[in-house]
Amino acid sequence: MNTTAGGYRRVIKYLGIFGGAQGVSVLLGMVRNKVASVLLRTGGFGAMANYNRTVQFFSDTTGLSLSLSAVRRLSDTYSNGSDDEVRHCVKVIRSIALLTGLVGMTLMLLLSPLLSRWMFDGGVDDALRLAVIAPVVFFIAVSNGELAVLRGVNQPGRIALYTLWTAVSALLVAVPLYYFFGRSGVIPSIFLIALLQMSGALFFSTRLYAYRAKPFARNLLRQGLDIIKLGAGYIYATALVSGSLWLVYQMIKKMGGESALGIFSAGYILVGMLPSILFAAFDSDYYPRLSGIFARKNERNAMVNEHIEVHLLVQVPVILVVVLLLPWLFPLFFSQEFLPALQMVQLAVFALLFHIMTYPISFMPVSKGDTLTFAAQETAYNVAFALFTLLGFRYYGWSGAGAGILLARMIDLAVVYSIARFRYGFRLSGRAVKNFVLALLAGGVVMLSVFCGDRV
């Protein structure tokens, strides 16, 4: 009984630490987006989103998912090894991060002319802009390596401070550039923000371990072969996640133009705001702990259910209140030009009720190192997301896109729970099921009031 109570307390504690820091970060990010929406308007906002999504695609497809693969190795070394072994593991992680960053940056540089033809008009200027932000892929790789170090050695306070630093630095850089240079400030802002974020990650991590790395040392890379193999197994999944959203961006741009892309990306940012706050503790606390106890089935299942139960109690009221307040929040965070996406966002936020159930369970394949299963469950969601979002937008506009996101979340829950049930012997607790049913009933009432109210 005490263990269970302690588990609940730990979930709430870390939800508070990371959720608080992420909440402040998101609010600062929304201030930046508000300024961007006013100064850049829908077309400029769409272009900015397109550049950012392209950089993220190359980062995800070459980065070996260090936040997953490296944390597991370092966490185990930190718990069971000597200080020298920990320092050596940190050196290996940093070497891999540098190498993947160089590979990703080079690949984006080489493909810039082709990307400019697919994404834009294929002019020299567009190719040059993509080439200028190619080093951002390198900056992100280094930052991810340092974050893996902080997570692996259990430094929640430093991670929270870094989260705040990224938001403050991005705001201070972006606003003056957008104000003085308008759309021409998008490329330098992307470059400088990533550079400052990398500097912040290095600042916090090198206070613990002096920076040492040898990205071209074969013997060092061989010692990190388990990280590389595990990360390589996740490349497909991470590329699919990033690629599906990138594809949706490009297709919406082709169907509705750059303004439509700006509206969609604004809505998607607003939808992503809640998970970034509410699930902030998972990567930094939940995943390393789940990896450590995965072999102990009863303890592992109890831990997953604890997280689901607590997050249902904490998050459902927040989600439903946000759905009700979105007609007022949307104009607050973005300009009036972006309001066509309101119904899409309301449906997508309601879909987070299913995500609350899915997200804690979805870490099971990762914690076990079961890359094929992880890839399968990611495939199901991302194919469904891209397919139904685009079909919904094509035939029913913005509300159709929101309905597509909702349907994809429902499919995701069915797939993830089926995998966990039959492959890992996981069962939802009675309390989790009851709370979820009540959440759906309450959510249904809220959605009916929202959509019926719109028709009155």
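What's counted below: heavy atoms across the whole structure, side chains too, no hydrogens, waters or symmetry copies.
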Student: I'd like to know if the side chain of Asn305 reaches the main chain of Ser429, judged simply by a donor and an acceptor atom lying under 3.5 Å from each other, with no hydrogens or angles considered.
Tutor: yes
Student: Taking it one step at a time, do Leu320 and Val349 satisfy side chain to side chain contact (heavy atoms under 4.5 Å, CB included)?
Tutor: CA-CA 8 Å; Leu320 298 184; Val349 171; over 6 Å; no
Student: Are Ile193 and Arg32 close enough that some pair of their side-chain heavy atoms sits under 4.5 Å apart?
Tutor: yes
Student: For a 4.5 angstrom cut-off between non-hydrogen side-chain atoms, does Tyr381 reach Val241?
Tutor: no
Student: For the residue pair Gly46 and Leu261, what are the closest heavy atoms and their distance?
Tutor: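 Taking Gly46 first and Leu261 second, the nearest heavy atoms are O-CD2, 3.5 Å.
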Student: With side chain to side chain contact (heavy atoms under 4.5 Å, CB included) as the criterion, how do Val136 and Met105 come out once you've worked through the C-alpha distance, each side chain's angles and the decisive distance to 0.1 Å?
Tutor: CA-CA 7 Å; Val136 173; Met105 177 180 67; over 6 Å; no
Student: Going from CG on Asp83 to NE2 on His88, what distance comes out if it is rounded to the nearest 0.5 angstrom?
Tutor: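 Those atoms lie 13.5 Å apart.
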Student: Out of curiosity, Asn382 CG to Leu245 CG, how far, rounded to the nearest 0.5 Å?
Tutor: 9.0 Å
Student: Within a strict 4.5 Å, meaning less than it, do heavy atoms of the Val304 and Met364 side chains meet?
Tutor: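 Yes, close enough: below the 4.5 Å cut-off.
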Student: Rounded to the nearest 0.5 Å, what's the gap from NE2 on His307 to CE on Met357? Could you check?
Tutor: 14.5 Å
Student: Would you say the side-chain atoms of Trp165 pair up with the backbone N or O of Leu196, donor to acceptor, closer than 3.5 Å?
Tutor: yes
Student: Quick check: do Thr100 and Asn144 have side-chain heavy atoms less than 4.5 Å from each other?
Tutor: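 Of all side-chain heavy-atom pairs linking Asn144 with Thr100, none is under 4.5 Å.
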Student: Looking at Ser59 and Val55, would you say the former's side chain and the latter's main chain have a donor-acceptor pair under 3.5 Å?
Tutor: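 No, the answer is negative, given that no donor and acceptor are paired below the 3.5 Å cut-off.
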Student: Using the side-chain hydrogen bond (donor to acceptor under 3.5 Å, both in side chains) rule, collect all pairs that involve residues 396-422, keeping only residues at least two apart or in two chains.
Tutor: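 Counting only pairs at least two positions apart or across chains, the side-chain hydrogen bond (donor to acceptor under 3.5 Å, both in side chains) contacts touching residues 396-422 are His355-Arg409.
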Student: Could you tell me which residues satisfy side-chain hydrogen bond (donor to acceptor under 3.5 Å, both in side chains) with Gln56, sequence neighbours excluded, listed by chain and number?
Tutor: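 If we apply the side-chain hydrogen bond (donor to acceptor under 3.5 Å, both in side chains) test to Gln56, skipping adjacent residues, the hits are Asp60.
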Student: Report the residues that fulfil side-chain hydrogen bond (donor to acceptor under 3.5 Å, both in side chains) with Asn50, sequence neighbours left out, ordered by chain and then residue number.
Tutor: Gln250
Student: Donor-acceptor pair, Glu85 side chain versus Ser82 backbone, under 3.5 Å?
Tutor: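 Such a contact is found between Glu85 side chain and Ser82 backbone.
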Student: Give me the atom names and distance for the closest heavy-atom approach of Phe436 to Leu353.
Tutor: CE1-O, 3.5 Å
Student: What distance do Ile319 atom CD1 and Leu324 atom CG have between them, rounded to the nearest 0.5 Å?
Tutor: 12.5 Å
Student: Determine whether Arg151 and Ser75 make a side-chain contact, defined as any pair of heavy atoms from C-beta on separated by less than 4.5 Å.
Tutor: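 SC-SC contact between Arg151 and Ser75 ruled out.
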Student: Specify the closest pair of heavy atoms between Leu332 and Lys34, including all atoms of both residues, with the distance to one decimal.
Tutor: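 For Leu332 and Lys34, the tightest heavy-atom pair comes out as O-CD, 3.3 Å.
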Student: Can you list every pair that meets side-chain hydrogen bond (donor to acceptor under 3.5 Å, both in side chains) and has a residue in residues 251-265, with sequence neighbours left out?
Tutor: Thr42-Ser259, Arg183-Glu258
Student: What is the minimum heavy-atom distance between Val345 and Gly267, and which atoms define it?
Tutor: CG2-CA, 3.5 Å
Student: Provide the full list of salt bridge (Lys or Arg N to Asp or Glu O under 4.0 Å) pairs with a residue in residues 382-401, sequence neighbours left out, each pair given once.
Tutor: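 Of all non-adjacent pairs touching residues 382-401, none passes salt bridge (Lys or Arg N to Asp or Glu O under 4.0 Å).
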Student: Return yes if a side-chain donor-acceptor contact under 3.5 Å exists between Asp370 and Tyr424, otherwise no.
Tutor: yes
Student: Any side-chain heavy atom of Tyr395 sitting closer than 4.5 Å to one from Leu390?
Tutor: no
Student: Where does the angle between the aromatic ring planes of Phe57 and Trp246 fall among parallel (under 30°), tilted (30 to 60°) and perpendicular (over 60°)?
Tutor: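 If you compare the ring of Phe57 with that of Trp246, the planes turn out parallel.
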Student: Step by step, work out the ring-ring contact (aromatic ring centres under 6.0 Å, His included) result for Phe393 and Phe264.
Tutor: CA-CA 10 Å; Phe393 179 74; Phe264 178 82; 7.5 Å; no
Student: Hey, mind stepping through Leu208 and Leu150 against side chain to side chain contact (heavy atoms under 4.5 Å, CB included) and telling me if it holds?
Tutor: CA-CA 9 Å; Leu208 296 171; Leu150 293 175; 3.8 Å; yes
Student: Look at the side chain of Gln377 and the backbone N and O of Ser362, then say whether any donor-acceptor pair between them is shorter than 3.5 Å.
Tutor: yes
Student: Identify the heavy atoms of Ala148 and Leu74 that sit nearest to each other, and give their distance.
Tutor: O-CD2, 3.9 Å
Student: Report yes if the side chains of Ile252 and Ile263 come closer than 4.5 Å at any heavy-atom pair, otherwise no.
Tutor: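 They are not in side-chain contact.
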Student: Of all the heavy-atom pairs spanning Val153 and Val86, show the shortest one and how long it is.
Tutor: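 Shortest heavy-atom separation between Val153 and Val86 comes out as CG1-CG1, 4.2 Å.
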Student: Does the ring of Phe203 carry Arg207 above it, NZ/CZ under 6.0 angstrom from centre and within 45° of its axis?
Tutor: yes
Student: I want to check something: taking the side chain as every heavy atom from C-beta on, are Phe58 and Leu111 in contact at a cut-off of under 4.5 Å?
Tutor: yes
Student: Strictly by ring pair (Phe, Tyr, Trp, His ring centres under 6.0 Å), give each pair with a member in residues 319-341 just once, sequence neighbours left out.
Tutor: Phe45-Phe334, Phe45-Phe338, Phe330-Phe334, Phe334-Phe338
Student: Given Ile361 and Ile308, is the side chain to side chain contact (heavy atoms under 4.5 Å, CB included) satisfied, shown in steps?
Tutor: CA-CA 9 Å; Ile361 305 171; Ile308 292 172; 3.8 Å; yes
Student: About how many Å separate CZ of Phe374 and CD1 of Ile419, when rounded to the nearest 0.5 Å?
Tutor: 10.5 Å
Student: First locate atom CG of Leu438, then atom CG of Asn435, and finally report the distance between them rounded to the nearest 0.5 Å.
Tutor: 6.5 Å
Student: Would you say the side-chain atoms of Asn301 pair up with the backbone N or O of Gly425, donor to acceptor, closer than 3.5 Å?
Tutor: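 Indeed, once roles are kept as given, a pair shorter than 3.5 Å links the two residues.
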Student: Is it the case that the side chains of Ser37 and Glu337 hold a donor-acceptor pair, with the cut-off being a distance below 3.5 Å and no angle test?
Tutor: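 On atom types as modelled, these side chains do not qualify, holding no pair under 3.5 Å.
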